[in-house]
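Here is the structure we will look at, set down as structure tokens.
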Amino acid sequence: MTNSVSPSPAPAWPGDARAACAFTFDVDAESLWLARGVQEPVTLSQGRFGVVEALPRILDLLRGAEIRGTFFIPAWVASHHPDAVRAIAAGGHEIGCHGDEHERVTDIGRAREHEILTKSLQVLTGLAGRRPIGYRAPAWQLSPDTLELLATEGFEYSSNMMDRLVPYLHPPIGERTLVEIPVSWVLDDAPFFLFTGQRGIQAPGPVLQGWLTEFEGITAVHGVTNFTFHPQLIGRPSRLACLRELIDHVRHTPRVWVAPLAEISAHWRKLTERRT
Ligand SMILES: [Zn+2]
């Protein structure tokens, strides 16, 4: 028996594009480790690598490929590495909210979650000169209040859910409707490259192969391939080579629209409004 679920009509992407693709980066720096209760300097230095070594190379790579990405930055990281935020903004990239100290919103309660959202908007707007309109939850966990708080604070989109290959609209909250631009652990570098001492590090080659196959598959069904990288993980030379190859492949694939999430969200909203 089937239920009422049926395949959506193929989305109309801008121009003659048949699919979309986004390169997003979660700039967690030391907060990735601090949120796990780590204070030990060597472990924290892995996070710093993401900002001091990896980020400038990633920005160079994106500039060379003429790709504008989306960077989600915790407020704590922005305050401790303000020049990194300015460099990202100067490169024409989008900046989105990603908590304060990379805390899990499921653990902190509604009032604190709201406070953190307000603070991160304030800190990022001050440094980037532009108010963020997108939100990605630290550790990809939403509380029962998250979407409502995002709507209250005027966000345009969330990039957290894992249920679709195409964007969609969340049910309206008051006057506001949030666009969802779905993600997936399989398009994230952390499950493959984050080393916590408990599992082996994966070789970049097979991981790249997996991402290419995901991209081809999502493109074939006219979806959005929403890659999620962490500068401290993807920025090691062996993995940066893999990112370079991935970017080359995407750029040379015909009729794929590569854009920051803010533009994908705006397009999707317009498209949906036109249909209703
Ligand atoms: Zn993160």
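The basis for the numbers below is simple: all heavy atoms, side chains too, and nothing from hydrogens, waters or symmetry mates. Atoms within each ligand, like the ligands themselves, are counted from 1 in listed order. Residue numbers count from 1 along this sequence.
Between Trp140 and Trp185, the ring-plane angle classifies as perpendicular under the 30° and 60° cut-offs. Ring planes of Trp257 and His267: perpendicular class, angle over 60° (limits at 30 and 60°).
Residue Arg18 places its CZ atom among more than 12 non-hydrogen atoms of other residues, nucleotides or ligands, all under 6.0 Å distant.
Pairs of residues two or more places apart, or lying in two chains, never qualify as side-chain hydrogen bond (donor to acceptor under 3.5 Å, both in side chains) while including a residue from residues 191-206.
Neighbouring protein atoms of the Zn ion (ligand 1) (N, O or S, distance under 2.8 Å, waters ignored): Asp28 OD1, Asp28 OD2, His98 NE2, His102 NE2.
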Under 3.5 Å donor-acceptor pairs involving side-chain atoms of residues 125-139, not counting sequence neighbours:
{"unit_1": "Thr125", "atom_1": "OG1", "unit_2": "Leu121", "atom_2": "O", "d": "2.5"}
{"unit_1": "Arg131", "atom_1": "NH1", "unit_2": "Glu153", "atom_2": "O", "d": "3.0"}
{"unit_1": "Arg131", "atom_1": "NH2", "unit_2": "Glu153", "atom_2": "O", "d": "3.4"}
{"unit_1": "Arg136", "atom_1": "NE", "unit_2": "Ser159", "atom_2": "O", "d": "3.2"}
{"unit_1": "Arg136", "atom_1": "NH1", "unit_2": "Thr24", "atom_2": "OG1", "d": "2.9"}
{"unit_1": "Arg136", "atom_1": "NH1", "unit_2": "Asp26", "atom_2": "OD1", "d": "2.9"}
{"unit_1": "Arg136", "atom_1": "NH1", "unit_2": "Thr228", "atom_2": "OG1", "d": "3.4"}
{"unit_1": "Arg136", "atom_1": "NH2", "unit_2": "Thr24", "atom_2": "OG1", "d": "3.4"}
{"unit_1": "Arg136", "atom_1": "NH2", "unit_2": "Ser159", "atom_2": "OG", "d": "2.9"}

Please list every donor-acceptor pair under 3.5 Å in which a side-chain atom of residues 231-243 meets a protein atom from a residue at least two apart or in another chain.
{"unit_1": "Gln232", "atom_1": "OE1", "unit_2": "Trp33", "atom_2": "NE1", "d": "2.9"}
{"unit_1": "Gln232", "atom_1": "NE2", "unit_2": "Ala29", "atom_2": "O", "d": "3.1"}
{"unit_1": "Arg239", "atom_1": "NH1", "unit_2": "Leu233", "atom_2": "O", "d": "2.9"}

